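Computed from a predicted structure; not experimentally measured. The first residue in the sequence is number 1, and the count goes up from there. Keep in mind that the numbers below use all heavy atoms, side chains included, and drop hydrogens, waters and symmetry copies.
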Amino acid sequence: MTKHKLFKLGAAAALTVTGVSAITSLKTARAANFTAIKRVKINYLPGKGLNIWTNYNKGKFMGYRAKDGTIWNVAETAVDKKGNLWYKVGTREWIEARYTVDVGMDTPASTNAKTKKSTAKNGVNNVISLGTVTKKSTKKSKATKAKAAKVKKAKQIVDAAVKKTSKKSTTKKVASTQASSKAGAIVALAKQQVGKPYAWGANGPDSFDCSSLVQYVFKNAAGMNLPRTTYDQVKVGQTVYQKSQANGQPVSANNLQVGDLLFWGSESSPYHVAIYIGNNQYVNAATPEQGTIIQTMTSYYNPTIVKRVL
């Protein structure tokens, strides 16, 4: 069995740590010595634990959690591809920074060394490690200066990471505004096509089939070149709903955004597509009898997959 070493609560910025904090787990967490750059407190849901991951980019859940309210030392910081800040609290254990709050490096540490087991209702043992903290002696002035230098450098690293995260956050806001502007243009142009006839294989602008309507609207309203067929369009963008992953429950309008693409049929090769325009409605080139119309989603006729391309 692989032993994962966690960097837990210390009494100062540069401490030798043998483990302080609380973990609700199916495994027993072990401690490791390290130099902390900062200290954080888990600020999640009362009584709930924060998932611990193997990496800050596409990591896997390790099977145990950091308990809400416990204090952890941070060995390293990183920013993922989405601009989210992460803290490394073990040899390869990471937690999301947004679920923590900073605490002072001089916060008193527990000196109790206890491990207690409690049996959950389902028969699974929850192991809570409280651990001990060992404080390095500062007999020599050189050692004190060295620790101060490490703390200063660590603070610079954290400040740089926060600054980088802030910059990415601003970039995301700009991108969000641009997406909202494109979505408005897409809705307006899609509504302008209502009333035009349906013709299988037609590419517009006088008549459409379902996928050519999507291609025409996104190209002329948002400058986006989407594939021509539903089989290829369903491969584009981010999947925000799959019926097979939702236990058959219909998609909620609360989870949709204007401009989302709604697909019916097989999730890998759907037979129909429409453009979501808000208020539980969508525009689509429906049938030869109906033409291009606005329809309302129902539990009876609900999409099997939803993709977000904006």
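Considering only heavy atoms from C-beta on, Leu189 comes within 4.5 Å of Gln192 through its side chain. Using a 4.5 Å cut-off on side-chain heavy atoms (C-beta onward), Met224 and Val309 make contact. Between Arg65 and Leu50 there is no side-chain heavy-atom pair separated by less than 4.5 Å. Annotation: side chain of Pro303 is in contact with side chain of Trp264 (closest heavy-atom distance under 4.5 Å). Asn255 is not listed as a side-chain neighbour of Val240, based on a closest heavy-atom distance of 4.5 Å or more. Proximity of Val273 to Leu262: side-chain heavy atoms (C-beta onward) are nowhere separated by under 4.5 Å. Side chains of Asn73 and Ile37 form no contact here, defined as non-hydrogen atoms less than 4.5 Å apart. Between Asn284 and Cys210 there is no side-chain heavy-atom pair separated by less than 4.5 Å.
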*Between Arg228 and Asn203, is a side chain to side chain contact (heavy atoms under 4.5 Å, CB included) present by the stated rule, with each step listed?*
CA-CA 9 Å; Arg228 173 62 179 82; Asn203 293 309; 2.7 Å; yes
*For Glu93 and Thr54, run side chain to side chain contact (heavy atoms under 4.5 Å, CB included): C-alpha distance rounded to whole Å, both residues' side-chain angles, the deciding distance at 0.1 Å, then the answer.*
CA-CA 5 Å; Glu93 285 79 8; Thr54 58; over 6 Å; no
*Does the salt bridge (Lys or Arg N to Asp or Glu O under 4.0 Å) test come out yes or no for Lys38 and Asp102, once each step is laid out?*
CA-CA 8 Å; Lys38 66 179 296 182; Asp102 292 349; 2.8 Å; yes
*ring-ring contact (aromatic ring centres under 6.0 Å, His included) between Tyr276 and Tyr282, intermediate numbers included*: CA-CA 4 Å; Tyr276 185 69; Tyr282 56 89; 8.2 Å; no
*Could you walk me through whether Asn43 and Arg98 pass the side-chain hydrogen bond (donor to acceptor under 3.5 Å, both in side chains) check?*
CA-CA 8 Å; Asn43 186 29; Arg98 59 177 170 168; over 6 Å; no
*List the steps and the verdict of side chain to side chain contact (heavy atoms under 4.5 Å, CB included) for Leu226 and Val214.*
CA-CA 8 Å; Leu226 297 184; Val214 169; 3.9 Å; yes
*Determine, step by step, whether Gln257 and Arg308 satisfy the side chain to side chain contact (heavy atoms under 4.5 Å, CB included) criterion, reporting the C-alpha distance in whole Å, the side-chain angles of both residues, the deciding distance to 0.1 Å, and the verdict.*
CA-CA 8 Å; Gln257 292 183 9; Arg308 185 161 296 154; 3.4 Å; yes
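The closest donor-acceptor contact from the side chain of Ser207 to the backbone of Gly204 lies at 3.5 Å or more, if one exists at all. With Glu267 contributing its side chain and Lys243 its backbone, the two residues share a donor-acceptor pair below 3.5 Å. Not a single donor-acceptor pair under 3.5 Å links the side chain of Thr77 to the backbone N or O of Val158. Counting only distance, with no hydrogens or angles, the side chain of Ser269 and the backbone of Ser266 share no donor-acceptor pair below 3.5 Å. No donor-acceptor pair under 3.5 Å is formed between the side chain of Lys150 and the backbone N or O of Lys153. A donor-acceptor pair is defined here as one N or O able to donate and one able to accept, closer than 3.5 Å; such a pair exists between the side chain of Lys307 and the backbone of Val234.
Thr287 and Tyr198 get closest at one heavy-atom pair: O-CB, 3.2 Å. Pairing each heavy atom of His272 with each of Tyr301, the nearest pair is CD2-OH, 3.8 Å. Closest of all the heavy-atom pairs between Trp53 and Gly59 is CE3-O, 3.4 Å. Residue Ile52 comes nearest to Phe61 through the heavy atom pair O-CD1, 3.5 Å, listed as atom of the first residue, atom of the second, then distance. Closest of all the heavy-atom pairs between Gln193 and Pro205 is OE1-O, 4.1 Å. Scanning all heavy atoms of the two residues, the minimum distance from Glu76 to Val74 falls at O-CG1, 3.3 Å.
Within a 6.0 Å sphere centred on CG of Asn279, other residues, nucleotides and ligands contribute 12 heavy atoms or fewer. Remark: Lys41 NZ is loosely packed, at most 12 non-hydrogen atoms of other residues, nucleotides or ligands lying under 6.0 Å away.
At a threshold of 4.0 Å, the pair Lys48-Asp68 does not count as salt-bridged, since none of the basic side-chain nitrogens sits closer than that to a carboxylate oxygen.
Take Tyr216 and apply the ring pair (Phe, Tyr, Trp, His ring centres under 6.0 Å) test, not counting sequence neighbours, and it matches Phe208.
No continuous path of hydrophobic side-chain contacts links Trp86 to Met62 [ILVMFWY only; heavy atoms under 4.5 Å]. Residues Tyr271 and Met297 share a hydrophobic cluster, clusters being chains of Ile/Leu/Val/Met/Phe/Trp/Tyr side chains in contact below 4.5 Å. Connection of Ile186 to Val194 is established within a shared hydrophobic cluster, with ILVMFWY side chains joined at heavy-atom distances below 4.5 Å, either directly or through further cluster members. Ile71 and Val101 sit in two unconnected hydrophobic clusters of ILVMFWY residues. Membership requires side-chain heavy atoms under 4.5 Å apart, directly or through other members.
Note: Thr70 OG1 to Lys67 NZ = 8.5 Å, rounded to the nearest 0.5 Å. The OG atom of Ser268 sits 12.0 Å away from atom CZ of Phe263, with the distance rounded to the nearest 0.5 Å. Here Ile305 contributes atom CD1 and Gln245 contributes atom CD; the two are 9.5 Å apart, rounded to the nearest 0.5 Å. Atoms OG1 and CG, from Thr296 and Asn280 in turn, are 6.5 Å apart once rounded to the nearest 0.5 Å. Note that OG1 of Thr91 and NZ of Lys88 are 7.0 Å apart. Values are rounded to the nearest 0.5 Å.
There is no side-chain donor-acceptor pair under 3.5 Å between Gln242 and Thr304. At a cut-off of 3.5 Å, with distance as the only test, no side-chain donor of Trp94 or Asn55 sits close to an acceptor on the other residue.
The one candidate from Val306, Val251, Ile275, Leu310 that meets the side-chain contact (heavy atoms from CB on, under 4.5 Å) condition with Asp260 is Val306.
Residues in residues 230-241 take part in these side-chain hydrogen bond (donor to acceptor under 3.5 Å, both in side chains) pairs, two or more places apart or across chains: Thr229-Asp232.
You'll find the ring centres of Tyr87 and Trp72 outside the 6.0 Å limit.
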